[in-house]
Amino acid sequence: MDTAQDLFQRLEQLNDIGASLSSERNIEGLLEKILLAAKSITRADGGTLYRVSEDRRFLSFAIVRNDSLGIAYGGTSGQPLPDKFRDLPLHGEDGQPNNSMVAAYAALHARTVNIADAYDADGFDFSGTRRFDASTGYRSRSFLTVPMKNHEGEVIAVLQLINAMVAGQVVEFSHEDQRLAESLASQAAVALTNRQLIQQLETLFEAFINLINIAIDEKSPYTGGHCQRVPELTMMLAEAADQARDGPLKDFSLSDQDRYELKIAALLHDCGKVTTPVHVVDKATKLQTLFDRIHLIDTRFEVLRRDARIAMLEACMAGADAEASEAEYAARCRQLDEDRAFLHKANIGGERMSDADVARVQAMAEGYQWRDASGRLQPFLSPNELENLSIRAGTLTQAEREIINYHIVATIRMLEALPWPKHLKRVPEYAGGHHERMDGKGYPKGLRREDMSWQARMMGIADIFEALTAGDRPYKPAMKLSQALSIMENFRDNGHIDPDLFQVFLAAGVPQEYGKWFLHAEQVDL
């Protein structure tokens with residue numbers, strides 16, 4: 001029997017344990033704390049914590065501890081549970097309750113079982129315990145098995161304690177031990193249920209984010225990979241910054257919550273692309289809309305070639321010199337072929353167009369005419385075709401670039417509309433800043449370096465570097481690391497990206513590490 005002082009101390013210990021359990025975020029760490037706490041307040045030599053499987057068919061070993069034998073499996077021990085610790089069935093093959101095993105009985109009936117000596121217990125099968133004792137030389141005697149029930153009264157785990165110790169001797173678990181263990185089990189079940197619910201909500205939330213990225217991926221295979229790779233690259237840079245021990249980032253550090261917040265922001269950084277039209281996102285050539293309109297222009301060239309042949313034949317029939325007419329026709333065809341090849345090359349958008357190239361497109365638009373199906377003369381290029389084929393670099397017109405750029409505005413609006421919890425409040429700021437520049441010339445808000453968090457600046461570097469090295473874009477080849485970093489150095493020097501973060505990016509070998517996992521071997525040339 002405990003003295004009043006002993007019982008008071010154990011009650012105080014129970015209160016301290018309750019506060020400790022509520023602060024534990026990791027499920028495995030929480031399970032371990034529960035078992036160790038139960039062993040401590042009941043002075044048990046050993047113990048096991050079982051979890052009820054989701055289908056409620058089994059009890060699974062989660063944590064096993066025994067001080068005398070030096071056994072520590074599961075939790076933070078780093079030792080996985082051996083195969084001999086098999087799941088305990090809650091029902092037999094005939095569907096009847098497994099009342100012969102004490103842990104299963106406690107789970108099935110939501111009732112504590114206190115046994116003074118397992119070898120003399122009636123109604124329970126301790127053959128497995130006897131085999132364990134025979135193989136280890138241990139003597140399992142007193143057992144206290146306590147079900148852990150959630151707020152709905154459902155058993156979610158079972159706590160089993162073995163061999164209460166008093167003055168070095170194994171004794172029966174007292175009534176006070178049982179009450180303390182049951183109180184702890186009640187608090188622990190609440191803590192475990194809360195942590196499981198939070199974990200399930202986090203899993204659901206991340207799955208919803210992935211659903212958005214899948215939707216973007218389904219719209220365009222050229223952005224789905226980007227949505228997955230940028231978070232990986234962002235977190236690599238963030239870890240490198242966290243490890244910095246000198247320079248401007250020496251005081252920068254990330255907690256687990258900070259990491260999670262940045263990860264969520266990175267996953268959502270392009271969620272606004274769900275609003276971007278597919279034909280703009282996937283515009284691989286200048287004339288592409290729902291299809292590449294270069295084929296329409298090919299048809300017009302064939303019409304001009306046909307008209308030239310008809311003109312030659314009509315001239316010959318009218319008495320013109322046949323040889324001269326055929327030579328003129330051949331020259332006309334050569335010119336048409338050259339102009340057609342030029343427009344095909346211009347349509348790709350792979351090289352910057354010179355003033356002379358733009359003037360040549362303009363000349364063709366004004367100099368050629370063709371007859372449509374109704375016989376009416378039409379300009380060779382429509383105003384929209386002329387505008388697109390005159391794009392100086394890339395494949396997008398200014399209007400289309402504005403549509404593309406609008407995705408970040410949509411991203412910010414979408415994210416700012418969500419009721420973020422305290423630990424995720426900065427997600428909109430991190431995600432919405434990856435197109436800003438250090439010199440204030442970025443968009444959509446024109447923020448300067450001092451207006452932005454380190455995390456938002458990290459995402460800017462990750463977004464650019466991924467885009468440069470990506471091998472799944474229709475409008476450009478994948479760059480090697482050396483080429484991409486050369487461009488990034490120019491961005492650093494002209495105020496585009498943060499120079500201190502870029503130095504950490506290089507010093508920590510982030511490009512090479514990223515390349516090992518996400519780039520083709522021929523791209524990793526550093």
Side-chain angles (χ1 to χ4, degrees), residues 215-227 229-230 269-298 342-362 364-365 381-413 432 434-437 441-446 460 462-479 483-484 487-488 490-491 494 496-497:
I216 295 172
D217 192 12
E218 289 296 317
K219 283 182 65 176
S220 169
Y222 311 122
T223 55
H226 176 80
C227 292
R229 292 188 292 265
V230 166
H269 82 285
D270 268 350
C271 65
K273 283 185 176 175
V274 297
T275 68
T276 307
V278 177
H279 72 274
V280 176
V281 175
D282 287 0
K283 193 179 182 190
T285 63
K286 294 179 181 180
L287 289 176
Q288 183 171 333
T289 51
L290 298 178
F291 62 95
D292 193 345
R293 291 174 292 165
I294 193 68
H295 303 301
L296 299 180
I297 294 177
D298 285 342
F342 170 77
L343 290 185
H344 269 261
K345 183 178 180 182
N347 186 44
I348 295 173
E351 299 178 4
R352 185 173 182 83
M353 291 188 72
S354 65
D355 291 342
D357 289 338
V358 173
R360 184 174 176 182
V361 173
Q362 181 71 37
M364 277 188 271
L381 298 176
S382 70
N384 181 265
E385 292 166 344
L386 175 58
E387 178 189 11
N388 278 271
L389 286 170
S390 300
I391 295 170
R392 294 281 184 168
T395 63
L396 299 176
T397 65
Q398 183 58 37
E400 288 166 340
R401 288 188 183 279
E402 291 174 2
I403 292 173
I404 290 285
N405 292 347
Y406 178 76
H407 84 271
I408 190 61
V409 177
T411 294
I412 294 172
R413 289 177 59 187
H434 67 277
H435 283 300
E436 301 289 352
R437 291 173 47 126
K441 296 179 182 178
Y443 61 90
K445 297 182 179 180
D463 189 70
I464 295 170
F465 186 77
E466 192 286 328
L468 293 175
T469 55
D472 54 8
R473 307 298 170 89
Y475 47 81
K476 71 169 195 65
M479 291 185 184
Q483 185 182 3
I487 293 173
M488 296 287 285
N490 290 333
F491 285 170
N494 66 16
H496 198 132
I497 61 175

Chemist: Roughly how far, to the nearest 0.5 Å, is CD of E385 from CD1 of I297?
Modeler: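 Nearest 0.5 Å value for the CD1-CD distance: 4.5 Å.
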Chemist: Considering residues at least two apart in sequence or located in another chain, which fulfil the salt bridge (charged side-chain N to carboxylate O under 4.0 Å, His left out) criterion with R293?
Modeler: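 With neighbours one apart ignored, the set is empty.
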Chemist: Just jot down the side-chain contact (heavy atoms from CB on, under 4.5 Å) partners of P444, sequence neighbours excluded, or say none.
Modeler: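 Expected list: I408, V409, I412, E436.
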Chemist: Who pairs with R392 by side-chain hydrogen bond (donor to acceptor under 3.5 Å, both in side chains), at least two apart in sequence or on another chain?
Modeler: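 In terms of side-chain hydrogen bond (donor to acceptor under 3.5 Å, both in side chains), with neighbours along the sequence ignored, R392 is linked to D355.
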Chemist: Quick check: closest heavy atoms across K286 and G349, and the distance to 0.1 Å?
Modeler: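 Result for this residue pair: CE-CA, 3.8 Å.
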Chemist: Can you confirm whether H226 sits close enough to D463 that some side-chain heavy atom of one is under 4.5 Å from a side-chain heavy atom of the other?
Modeler: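 Yes, their side chains come closer than 4.5 Å.
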Chemist: Taking atom OG1 of T275 and atom CD1 of I403, what is their separation to the nearest 0.5 Å?
Modeler: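 It comes to 10.0 Å.
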Chemist: Which residues satisfy the side-chain hydrogen bond (donor to acceptor under 3.5 Å, both in side chains) test with Q288, sequence neighbours excluded?
Modeler: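 Result, side-chain hydrogen bond (donor to acceptor under 3.5 Å, both in side chains) vs Q288: none returned.
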Chemist: Tell me, do D270 and V230 make a side-chain contact under 4.5 Å, heavy atoms counted?
Modeler: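 No; the side chains remain at least 4.5 Å from each other.
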Chemist: Looking only at heavy atoms, which two atoms of N347 and L287 are closest? And how far apart?
Modeler: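 Nearest heavy atoms, N347 then L287: OD1-N, 2.9 Å.
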Chemist: Who pairs with H435 by ring pair (Phe, Tyr, Trp, His ring centres under 6.0 Å), at least two apart in sequence or on another chain?
Modeler: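 Only H407, Y443 meet the ring pair (Phe, Tyr, Trp, His ring centres under 6.0 Å) criterion with H435.
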Chemist: Indicate the atoms forming the closest heavy-atom contact of A284 with T395, along with that distance.
Modeler: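 In terms of heavy atoms, the two residues are closest at O-CG2, 3.5 Å.
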Chemist: Of all the heavy-atom pairs spanning T397 and I391, show the shortest one and how long it is.
Modeler: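 Between these two residues, the closest heavy atoms are N-CD1, 3.6 Å.
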Chemist: Restricting to side-chain contact (heavy atoms from CB on, under 4.5 Å), what partner residues turn up for D357, sequence neighbours left out?
Modeler: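 Listed in chain order: F342, M353, S354.
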Chemist: Just so I know, are the side chains of L389 and M364 near enough to count as touching, which here means a heavy-atom distance under 4.5 Å?
Modeler: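 L389 vs M364: side chains apart.
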Chemist: Residues two or more places apart in sequence or in another chain: which of them pass side-chain hydrogen bond (donor to acceptor under 3.5 Å, both in side chains) with E387?
Modeler: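 side-chain hydrogen bond (donor to acceptor under 3.5 Å, both in side chains) list for E387, sorted by chain: empty.
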Chemist: For side chain to side chain contact (heavy atoms under 4.5 Å, CB included), just list the numbers for H269 and T411, CA-CA rounded to whole Å, side-chain angles, deciding distance to a tenth of an Å, and then say yes or no.
Modeler: CA-CA 7 Å; H269 82 285; T411 294; 5.8 Å; no
Chemist: N494: which residues meet the side-chain contact (heavy atoms from CB on, under 4.5 Å) condition with it, sequence neighbours left out?
Modeler: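 Listed in chain order: R437, F491, H496.
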Chemist: Please identify each residue that fulfils side-chain hydrogen bond (donor to acceptor under 3.5 Å, both in side chains) with T285, with sequence neighbours left out.
Modeler: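 Residues passing side-chain hydrogen bond (donor to acceptor under 3.5 Å, both in side chains) with T285: D292.
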Chemist: Ignoring hydrogens, what is the shortest heavy-atom contact between N388 and N384? Give both atom names and the distance.
Modeler: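 Reported closest heavy-atom pair: ND2-O, 2.8 Å.
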Chemist: Using salt bridge (charged side-chain N to carboxylate O under 4.0 Å, His left out) as the criterion, list what pairs up with E400, not counting sequence neighbours.
Modeler: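 Checked E400 against salt bridge (charged side-chain N to carboxylate O under 4.0 Å, His left out); matches are K283.
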Chemist: So, using side-chain contact (heavy atoms from CB on, under 4.5 Å) as the criterion, who are the partners of Q362 when residues are at least two apart?
Modeler: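 Partners of Q362 by the side-chain contact (heavy atoms from CB on, under 4.5 Å) criterion, ordered by chain and then number, come out as E366, L386.
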Chemist: The test is side chain to side chain contact (heavy atoms under 4.5 Å, CB included); show your working for I497 and F465 and say whether it passes.
Modeler: CA-CA 11 Å; I497 61 175; F465 186 77; over 6 Å; no
